[in-house]
Amino acid sequence: MRIGCIGGRAWLVTAEGQGVDIAAASGGKFPVDPQALYEAWDEVRAWARGVPADSYAPVDPATLQLPVPRPRQVFAIGANYRAHAAEAGVEPPEQPVIFTKFPSCLTGPNDPVAIRHDRVDWEVELVVVMGREARNVRAADGWDHVAGLATGQDISERAIQRLGPMPQFSMAKSLPGFGPVGPLVVTPDEFANPDDLALGCAVNGVTMQASRTSDFIFPVGELIEYISRLMPMYPGDLIFTGTPEGVGATRKPPIFLKPGDVLTSWVEGIGTLTNPITEEPSR
Ligand code: ZN
């Protein structure tokens with residue numbers, strides 16, 4: 001099952017790009033608000049299997065909006081790919097490195113990202129959307145608590161990140177628009193192996209990152225085990241699972257995003273984010 005958001009309303013979308021408005025097609029059984037669907041995920045999945053084929057209509061991918069508009073919690077993982085830890089010059093961590101992206105930074109799969117700093121970097125990431133409350137979940141049961149997967153960008157301002165004596169991940173990665181997510185939320189059963197997905201990103205069509213989630217140091221199940229032993233996770237919460245090698249800051253010379261660039265980001269089986277980089281008007 002694939003869930004998208006069009007005109008602020010939750011849509012069920014097929015792999016072939018056809019869709020239905022969930023609130024309308026369910027006669028009001030399910031809410032308009034996509035965020036509310038994650039609270040009733042099993043019921044939505046059961047209903048979706050019975051939607052008549054003739055009720056679908058073509059979906060214009062350019063109209064898709066952020067499919068998880070208001071998560072309660074957004075977890076993000078640092079140094080979770082072996083090759084990225086190596087390029088960053090850090091040892092693979094012995095436990096997940098966790099920070100937050102504040103929900104106010106989230107934006108849609110086709111939205112422009114307005115920047116006003118000159119060290120803005122890309123980080124394509126697999127984003128996990130939780131589908132159940134999770135407390136003390138074992139790694140082996142982690143996927144049972146996942147609603148679906150989305151493509152995400154953990155856009156990062158590297159100068160702010162490195163201000164002061166300690167890294168400031170959460171502020172540097174939560175500026176407005178620094179969290180594109182989408183274009184759809186795709187349930188884990190749609191993938192042959194959800195633990196091994198190709199992902200990448202490009203700037204102006206030039207590929208900057210290309211890897212597979214099988215390079216994770218901590219796979220999805222282990223992340224859910226670790227976090228859910230520390231605190232509860234709720235339906236609709238997000239985990240940005242870390243970025244692979246190929247960020248701009250560690251290139252020689254470094255490369256950063258600038259107004260006029262187009263950042264495209266993809267995960268196999270989910271789809272592509274297309275975010276034009278624009279200049280934030282001076283305030
Ligand atoms: Zn990241």
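Computed over heavy atoms, backbone and side chain alike; hydrogens, waters and symmetry mates excluded. It should be emphasised that the depicted structure is a prediction, and the values quoted were computed from it without experimental measurement. Each residue takes its place number in the sequence, starting with 1.
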Check your understanding: Salt bridge or not for Asp42 and Arg132, using N-O below 4.0 Å?
Key -> yes
Review point. Given the rule that I, L, V, M, F, W and Y join up when any side-chain heavy atoms are under 4.5 Å apart, are Val124 and Val262 in one cluster?
Key: no
Exercise for review: Output yes when a side-chain donor or acceptor of Thr151 lies under 3.5 Å from a complementary backbone atom of Gly271, and no otherwise.
Suggested key: yes
Point to revise | Side chains of Glu87 and Thr250, donor plus acceptor under 3.5 Å | key: yes
Point to revise | Residues Gln209 and Thr243: side-chain donor-acceptor under 3.5 angstrom | key: yes
Practice item. Ignoring hydrogens and angles, state whether a donor on the side chain of Trp143 or Asp195 is under 3.5 Å from an acceptor on the partner side chain. Key: yes
Review point. Would you say Glu157's side chain and Ala172's backbone share a donor-acceptor pair under 3.5 angstrom?
Key: no
Check your understanding: Where is the tightest heavy-atom contact between Pro67 and Cys5, given as atom of each residue plus distance?
Key -> CA-CB, 4.1 Å
Review point. Within the distance-only criterion (no hydrogens, no angle test), does the side chain of Trp11 pair as donor or acceptor with the backbone N or O of Gly19 below 3.5 angstrom?
Key: no
Review point. Does a side chain donor of either Lys173 or Ser156 reach within less than 3.5 Å of an acceptor in the other side chain?
Key: yes
Exercise for review: Mark yes or no for whether Asp237, through its side chain, and Met130, through its backbone, hold a donor-acceptor pair below 3.5 Å.
Suggested key: no
Point to revise | Centroid separation Phe216 to Tyr81 less than 6.0 Å | key: yes
Check your understanding: With distance as the sole criterion, is a donor-acceptor pair present between the side chains of Ser265 and Gln153 under 3.5 Å?
Key -> yes
